[in-house]
J.: 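First, the structure itself, so that you have it in front of you.
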Amino acid sequence: MSIFNKGLIVSKLPNNLFVLEMANNHMGDIDHGIELIRAFGAVCKKYPQFKFAFKLQYRDLDTFIHPDLKGRMDIKYIKRFAETRLSREQFDLLISEIKANGFMTMSTSFDEVSFDMIEDQNLDIIKIASCSFTDWPVLERAVSIDKPIIASTAGASLEDIDRVVSFLTNRNKDFAIMHCVGEYPTADEKMHLSQIDFLKKRYPNVRIGFSTHENPDNTDLIKIAIAKGANIFEKHVGLVTEKYPINAYSVTPEQADAWLAAAAYTVMVCGEGETRLPENKAEKEGLRTLRRGMFAKRKIVAGERITRDNFYFAFPPNETQFTANDYSKYAEFTANANIEVNQAIGPDNCTLVNTREKILDIAKRVKNLLHEGKITVPGGVDLEISHHYGIDKFDEFGLVMLTVVNRDYCKKLLVSLPGQFHPEQYHNQKEETFHVLHGELELQLDGKSQILGPGDVVTVMPGVRHAFRSSTGAVIEEISSTHFKNDSFYTDESINKNPNRKSMLTYWMAV
C-alpha cells in the first residue's frame, strides 16, 4: 500500500479543469491581454462540459531580480520580464476580464511577496511552477492561504515529489500535481505520458493532471492523457496580431478549439470510469437472443423442483423464458404449473428464488462468530449449510459445518448461529465427540438436556438421538469416526425426504 494512501479532501478543483496559461503573452499590453482573454473565452463557451481557469504569472520584479542585474537586457528572461511588466491596476483589470468571461482565476507566484496580490485579489487557485516545486519558502507561503494548489513536477526527482506530496498532505491541503516536461516546446518522444500512470499508482489519493508544451497543432497527446486518467490540463495560450507574434508552444484560439474538441471526443468515448457501465437496453436485448434457454427434459408436474435431471439448455430462447444465465447454485426453480417435454421454462410456469444474498449473509455471520471465538479455519474448507426446512427458515432450524478432514477419523467444525435449533438425528455407524470451543450449547441426548460451555466434551455413541440449540451462538469441534453421507437419520421424516436441504459454498472466506 502506498505511504500516501490518505483520505481524500473534498476538492474545490473541478473535474476536467482546463487551465489556460497566459504567462507573459499579454506582452505588457493591457489591451492585448484583454483581447486575448476574450478570444479564448469565446472558444471555451463552446465546451460547457468542461471547467476553465485563466492563469497569470506574478513576480515582484523590484525584489525578484538581483539589484546588480536590473536593466540587463542582454539576459533573456530579465529582458522578457521587464518588457512585459504590468502594474497592480493592470493585473486587476485582467482579473476582472477573466471573471467576466466565465473563467476561474489563477496565478503562479514566483516569490513570497507576490502571494500578497493573490490574497488581495482573492483568486480561486494557486499554481506552483516546476521551477518552484521545491522552493520551500514559496511553498510555505502558498499553504498559508486557504486556496487549492496545483503544482507541476517537471524536473523533480521522485524524492522531491514524495516530499512535496507529504508536505501538502500533512497540511490537509486541497491539491493536485501535474505531469509536466519543462522543455519548450517538448518533442513527442520526451512526453513520457505513462508518468501519469506512475503518479496515479504512487499517490492514489492525489489528483493527477497534465501540463503540456508540445507542438500546438498536436491533438493526440490530450487524448492519451485523458485515457490515462488525468483530469486537469494546462496549456500556454497566445494571440497572433500584426504587432505580436506567438511562441512555438502556445496555442492560438483556433488551435485551442481543435485541442478542446479532441478532449471532448476523448471524454465522451472514455465514458464512465468510476462505476460499472449504465444499463444499455439494446446491448442487453441483443445478448439475450444469443443465450441458451431452459427446456423441460421430461414432463414436470406443478410443485416439482426443477433440477439438471429434468431440464436441458438449448438455443434459441424465446423472449421470456429463463436462460442458462439465470441458473446457478443459488437459483431454486420450482414448477408452478405442469410443464410438457421440450416446453420452455419461464416465469409463466416456474418460480425462481435466488438465495445468493441469504447464503452470503450466512457465510458472513459464520465468519464473524469464528472471529469472535478466535478460531482459525484452514484455507479451502467448504462451507456446508444445512437448512432442514428451507433456506427461509434457516435462522430457526439449521447448522453450518466445515469438514477439516474426513479419513478413518473425521474432524468438523459445527457452527450454530444465535437462536438456531439443529433437529434431532442419529447415526448408525458414526461415533462422535463434541468439544465446545465457543459459546453456550443446549445438547439433547435421547431427549435429555444438558448445558455445555467452552471446554466441555461429550461423546455421542451410534444410535443415540441428539439435537442441540444455542441462544448465544456456538462453535463445536466434532471428532468422529469416518463420516458417511448415508449415515445421518432425522427423526422428522420430512427432513430425510428433502433432497435440497444443503447448500455448499467454496469461496466464502473472502465474503
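Any value given below was found using the heavy atoms of this structure, including those in side chains, with hydrogens, waters and symmetry copies removed. For the single chain, residues carry numbers from 1 onward in sequence order. Bear in mind the structure is a predicted one, so any value in this text is a computation, not a measurement.
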J.: Between the side chain of Thr153 and the main-chain N/O of Met178, is any donor-acceptor distance below 3.5 Å?
T.: yes
J.: From Glu272 CD over to Leu277 CG, what is the distance, rounded to the nearest 0.5 angstrom?
T.: 8.0 Å
J.: Looking only at heavy atoms, what is the nearest atom pair of Thr334 and Gly303, with distance?
T.: CG2-O, 3.8 Å
J.: Pick from Tyr389, Phe468, Tyr490: which one makes a ring pair (Phe, Tyr, Trp, His ring centres under 6.0 Å) with Phe397?
T.: Tyr389
J.: Okay, side chain of Asn349, backbone of Ala344: is any donor-acceptor separation there less than 3.5 Å?
T.: yes
J.: Will you find, in the side chains of Asn231 and Asn15, an N or O donor that is under 3.5 Å from an N or O acceptor?
T.: yes
J.: Within the supplied structure, the quantity of interest is the number of heavy atoms (other residues, nucleotides, ligands) at a distance under 6.0 Å from Lys297 NZ; does it exceed 12?
T.: yes
J.: Restricting to non-hydrogen atoms, name the atom on Phe434 and the atom on Val460 that form the minimum distance, rounded to 0.1 Å.
T.: CE1-CG2, 4.0 Å
J.: Shortest non-hydrogen contact from Pro317 to Arg288?
T.: CG-O, 3.6 Å
J.: Starting from the C-alpha separation in whole Å, work towards a yes-or-no answer on side chain to side chain contact (heavy atoms under 4.5 Å, CB included) for Tyr312 and Arg292.
T.: CA-CA 9 Å; Tyr312 63 92; Arg292 296 177 300 153; over 6 Å; no
J.: Is any side-chain heavy atom of Asp446 closer than 4.5 Å to one of His466?
T.: no
J.: Between Leu260 and Phe18, is the side chain to side chain contact (heavy atoms under 4.5 Å, CB included) condition met? List the steps.
T.: CA-CA 9 Å; Leu260 291 171; Phe18 287 78; 3.6 Å; yes
J.: Should Lys430 and Glu478 count as an ion pair when the cut-off is N to O under 4.0 Å?
T.: yes
J.: Would you sort out whether Gln321 and Phe295 count as a side chain to side chain contact (heavy atoms under 4.5 Å, CB included), showing the intermediate values?
T.: CA-CA 9 Å; Gln321 78 182 106; Phe295 296 90; 3.5 Å; yes
J.: Take atom CG of Asn280 as the centre, draw a 6.0 Å sphere, and report whether it contains more than 12 heavy atoms from other residues, nucleotides or ligands.
T.: yes
J.: If we count only N and O atoms by modelled type, under 3.5 Å, do the side chains of His483 and Thr403 hold a donor and an acceptor together?
T.: no
J.: Are the side chains of Ile451 and Glu440 in contact, using a 4.5 Å heavy-atom criterion?
T.: yes
J.: I'd like to know if the side chain of Asp382 and the backbone of Glu384 have a donor-acceptor N/O pair within less than 3.5 Å.
T.: no
J.: Give the ring-plane orientation class for Tyr47 versus Phe50, where under 30° counts as parallel, over 60° as perpendicular and anything between as tilted.
T.: parallel
J.: Whether the side chain of Arg207 engages the backbone of Pro14 through a donor-acceptor N/O pair (distance < 3.5 Å, no angle test) should be reported.
T.: yes
J.: Counting only heavy atoms not in Arg407 (residues, nucleotides, ligands), do more than 12 fall under 6.0 Å from its CZ?
T.: no
J.: Does atom CD of Glu189 have more than 12 heavy-atom neighbours from other groups under 6.0 Å away?
T.: yes
J.: Verify the ring-centre separation between Phe210 and Phe233: is it less than 6.0 angstrom?
T.: no
J.: What is the minimum heavy-atom distance between Cys44 and Phe103, and which atoms define it?
T.: SG-CE2, 3.7 Å
J.: Which distance, rounded to the nearest 0.5 Å, do you find between the SG of Cys350 and the CD1 of Ile306?
T.: 3.5 Å
J.: Please confirm whether Arg163 makes a cation-pi placement over Phe167, using NZ or CZ under 6.0 Å from the six-membered ring centre and within 45° of the ring normal.
T.: no
J.: Considering the options Arg365, Lys364, Lys358, which one meets the side chain to side chain donor-acceptor pair (under 3.5 Å) requirement together with Asp361?
T.: Arg365
J.: Flag the pair Glu477 and Lys412 as a salt bridge only when some basic side-chain nitrogen lies within less than 4.0 angstrom of an acidic carboxylate oxygen.
T.: no
J.: Hey, does the side chain of His179 reach the backbone of Met191 with a donor-acceptor pair shorter than 3.5 angstrom?
T.: yes
J.: Using a cut-off of 6.0 Å, state whether more than 12 heavy atoms not belonging to Glu493 lie near its atom CD.
T.: yes
J.: In the structure I gave you, are the side-chain heavy atoms of Leu445 and Gln450 within less than 4.5 Å of one another anywhere?
T.: yes
J.: Does Phe484 have any side chain to side chain contact (heavy atoms under 4.5 Å, CB included) partners at least two apart in sequence or in another chain, and if so, which?
T.: Gln429, Thr482, Asn486, Asp487
J.: For a 4.5 angstrom cut-off between non-hydrogen side-chain atoms, does Ile359 reach Tyr330?
T.: yes
J.: Decide, yes or no, whether a salt bridge links Asp162 with Arg202 under the criterion of side-chain N to carboxylate O below 4.0 Å.
T.: yes
J.: Show the nearest heavy-atom pair for residues Ser416 and Leu369, with the distance to one decimal.
T.: O-CD2, 3.8 Å
J.: Can you give me the closest heavy-atom contact between Ser194 and Lys228, atom names plus distance?
T.: OG-NZ, 3.4 Å
J.: Are Asn500 and Glu332 side-chain neighbours, meaning at least one heavy-atom pair lies under 4.5 Å?
T.: no
J.: Would you say the side chain of Tyr409 lies within less than 4.5 Å of the side chain of Ile479, judging by non-hydrogen atoms?
T.: no
J.: With a 4.5 Å limit on heavy-atom distance, are the side chains of Met504 and Lys329 in contact?
T.: no
J.: State the CD1-NZ distance between Ile385 and Lys502, to the nearest 0.5 angstrom.
T.: 10.5 Å
J.: Distance to the ring centre below 6.0 angstrom and angle to the axis at most 45 degrees; does that hold for Lys235 and Trp259?
T.: yes
J.: Please tell me if the side chains of Ile161 and Val164 come closer than 4.5 Å, counting only heavy atoms from C-beta onward.
T.: no
J.: Out of curiosity, Leu417 CG to Thr472 OG1, how far, rounded to the nearest 0.5 Å?
T.: 10.5 Å
J.: Inspect the surroundings of CD in Gln49 and state if more than 12 heavy atoms from other residues, nucleotides or ligands are less than 6.0 Å away.
T.: yes
J.: What distance do Leu441 atom CG and His422 atom NE2 have between them, rounded to the nearest 0.5 Å?
T.: 11.0 Å
J.: Any side-chain to backbone donor/acceptor pair from Ser130 onto Ala154? Under 3.5 Å, distance only.
T.: yes
J.: Looking at OG of Ser449 and CG of Leu443, how far apart are the two atoms once the value is rounded to the nearest 0.5 Å?
T.: 8.0 Å
J.: Show your reasoning for whether side chain to side chain contact (heavy atoms under 4.5 Å, CB included) applies to Phe313 and Tyr327.
T.: CA-CA 10 Å; Phe313 296 119; Tyr327 186 83; 3.9 Å; yes
J.: Quick test of your reading of the model: are Glu396 and Arg469 salt-bridged, counting only N-O distances below 4.0 Å?
T.: no
J.: Does Lys46 pair with Asp257 as a salt bridge, N-O distance under 4.0 Å?
T.: yes
J.: Side chains of Ser480 and Glu432 only: does a donor on one sit below 3.5 Å from an acceptor on the other?
T.: no
J.: Run the numbers on Glu340 and Arg298 for salt bridge (charged side-chain N to carboxylate O under 4.0 Å, His left out), then give the verdict.
T.: CA-CA 7 Å; Glu340 301 300 325; Arg298 58 168 174 79; over 6 Å; no
